[in-house]
Number of protein chains: 2
Amino acid sequence: MDDDAQNEDTTGEQQLARVFEFFNEIGIINQLSTALFQKRLPDGVTVAQFSVLNHLTRVMDGQTPLKLASAFQVPKTSMTHTLAGLEKRGLVEMRPNERDGRSKTVWLTPAGRTFREMSIASLMADMARLQSQLDVPAMVNAVPTLSEVRKVLDQDRD
Amino acid sequence: MDDDAQNEDTTGEQQLARVFEFFNEIGIINQLSTALFQKRLPDGVTVAQFSVLNHLTRVMDGQTPLKLASAFQVPKTSMTHTLAGLEKRGLVEMRPNERDGRSKTVWLTPAGRTFREMSIASLMADMARLQSQLDVPAMVNAVPTLSEVRKVLDQDRD
DNA sequence: ATTATTTAGTTCGAAATCGTACTAAATGGA
DNA sequence: TCCATTTAGTACGATTTCGAACTAAATAAT
């Protein structure tokens, strides 16, 4: 019993340390990739803004701000701010939501689509350089684990 | 030739999309884990501040701010700010660097050590809850891949 | 129908991040 | 030795993030 208890404890601390390490790496990668990414985006468009553009392209535009906020797991006030930036640059357009007077819908403008395509093209150049160094298959392998962790964390919040 | 070219292109785009997905998951996990973590830290101590405390405990205190900045891959101005917060709370102490008059060294105070231990204890409670849901072995498995990616990104910056 | 509650979005303010420009000390070269 | 360059850290300002409080519309309850 004593052995087990001590064992449990040790394992617990070790696991905590390992999980820490995991989240620590995640944090640094996020830092670096965001910075790297940001540098390639013209004009001071942020990564957050680009991500929304990209999402609207992939998933379909006409979504509500709240839907977008929950897709990216950010507070709705942050999404308001991001969308305001996109709108000011003319990359998205807000229209009223006909089904709900409180709400709005977000639509890509032609400029928004073009911007997204050009950004992707510019990123492809970087990718070409990074691909030789990055172990892409290993990264792809890790994605299911990451998604899993993401879902657990998501469900866990109060 | 045409086939190859087209193939190359398709693979490139697919890879870009996959790598995107990877970084996207990373971003969301970072968001959620930081938020979750932040909530457990008393007083408005930030995750960045706690991370520095933890680092000083594990790696040994007496390091310079610049060394810490490069360990966390953040600009030195950000580290100045983080350290200022820790110092104001009495969790670390800055002493002159005897080997270099421009520089300083960062030391944990007893309060800093205590704070770190209590935070860890508080996190253990959360971990107990999350451990049942998280696939910890899979996460541990992913760490080498993450480290690898981190190193590549790190070397890649201009 | 009328009132209470919930929900979508914004405004406002506080804090974190980080680039630019600076000061002061160390190093290197003539 | 003296000046130029590099390096450690900070001050300042712009931007992002996000919680709290708010407005307006929709839904629920009586």
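Below, read A as the first sequence line, B as the second, and so on, with proteins coming before strands; counting in each chain starts at 1.
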Just how far, in rounded Å, is C1' of dG19(C) from NZ of Lys39(A)?
-> 12 Å

Met79(B) CE to dT17(C) P: how many Å, rounded?
-> 9 Å

Length of the line joining Leu41(A):CG and dT16(D):P, which is rounded to integer Å = 12 Å

Between the side-chain atoms of Lys76(B) and the base atoms of dG9(D), is any donor-acceptor pair under 3.5 Å?
-> yes

Against the side chain of Thr46(B), the closest entry in dG19(C), dA16(C), dG9(C) is dA16(C)

N-O pairing of Arg95(B) and Glu93(B) below 4.0 Å = yes

Give a yes/no on whether any side-chain N or O of Gln31(A) is located under 4.0 angstrom from OP1 or OP2 of dC18(C).
-> yes

Residues Arg89(B), Glu87(B): salt bridge by 4.0 Å N-O rule = no

Should we say atom CD of Glu148(B) is surrounded by more than 12 heavy atoms from elsewhere, each under 6.0 Å from it?
-> no

Determine, stepwise, if the pair Leu41(A) / Thr46(A) fulfils side-chain contact (heavy atoms from CB on, under 4.5 Å).
-> CA-CA 7 Å; Leu41(A) 290 176; Thr46(A) 65; over 6 Å; no

Atom CD of Gln73(A) and atom P of dC18(D): how far apart are they, to the nearest Å?
-> 12 Å

May I ask you to decide if Asn97(A)'s main-chain N or O and Thr105(A)'s side chain share a donor-acceptor pair within less than 3.5 Å?
-> no

Considering only heavy side-chain atoms of Lys104(B), the closest of dG9(D), dA16(C), dG9(C) is dG9(D)

With a 4.0 Å heavy-atom cut-off, tell me which residues in residues 80-88 of chain A come close to DNA chain C, sorted by residue number.
-> Thr80(A)

When rounded to whole Å, the CG to P distance for the pair Asn30(B) and dT17(D) reads 12 Å

Counting any heavy atom closer than 4.0 Å, what does Ser103(A) reach on the DNA or RNA strands: base, sugar-phosphate only, or nothing?
-> sugar-phosphate

Nearest-nucleotide wise, let me know which of Thr105(A) and Ala35(A) is further upstream toward the 5' end of DNA chain C.
-> Thr105(A)

Please report, rounded to the nearest Å, how far the C1' atom of dA26(C) is from the CG atom of Asn97(B).
-> 12 Å

Verify the neighbour count for atom CZ of Arg99(A): are there more than 12 heavy atoms of other residues, nucleotides or ligands below 6.0 Å?
-> no

From the candidates dC18(C), dA8(C), dT17(D), the one with an atom nearest any side-chain atom of Leu66(A) is dA8(C)

When you compare the protein's N or O atoms with those of nucleotides 26-29 of chain D, which come within less than 3.5 Å of each other, and at what distance?
unit_1  : atom_1 : unit_2    : atom_2 : d
dA26(D) : OP1    : Gly101(A) : N      : 2.7

So, do Phe22(B) and Val149(B) sit near enough that their side-chain heavy atoms are less than 4.5 Å apart?
-> yes

Comparing nearest nucleotides in DNA chain C, the 5'-proximal residue of the pair Gln49(B), Thr64(A) is Thr64(A)

Would Glu25(B) and Ser147(A) satisfy side chain to side chain donor-acceptor pair (under 3.5 Å), going step by step from the backbone distance to the final call?
-> CA-CA 6 Å; Glu25(B) 292 288 358; Ser147(A) 303; 3.1 Å; yes

Which part of the nucleic acid, if any, lies within contact of Ser78(B), taking any heavy atom under 4.0 Å across all strands shown: a base, the sugar-phosphate backbone alone, or nothing?
-> base

Nearest heavy-atom approach of Leu153(B) to Phe23(B) is CD1-CE2, 4.0 Å

Spacing between Phe72(A) atom CZ and dT17(D) atom C1', to the nearest angstrom | 15 Å

Single-linkage hydrophobic cluster, 4.5 Å side-chain cutoff, Leu53(A) and Met94(A) together = yes

Gln38(B) CD to dG19(D) C1', in whole Å, measures 12 Å

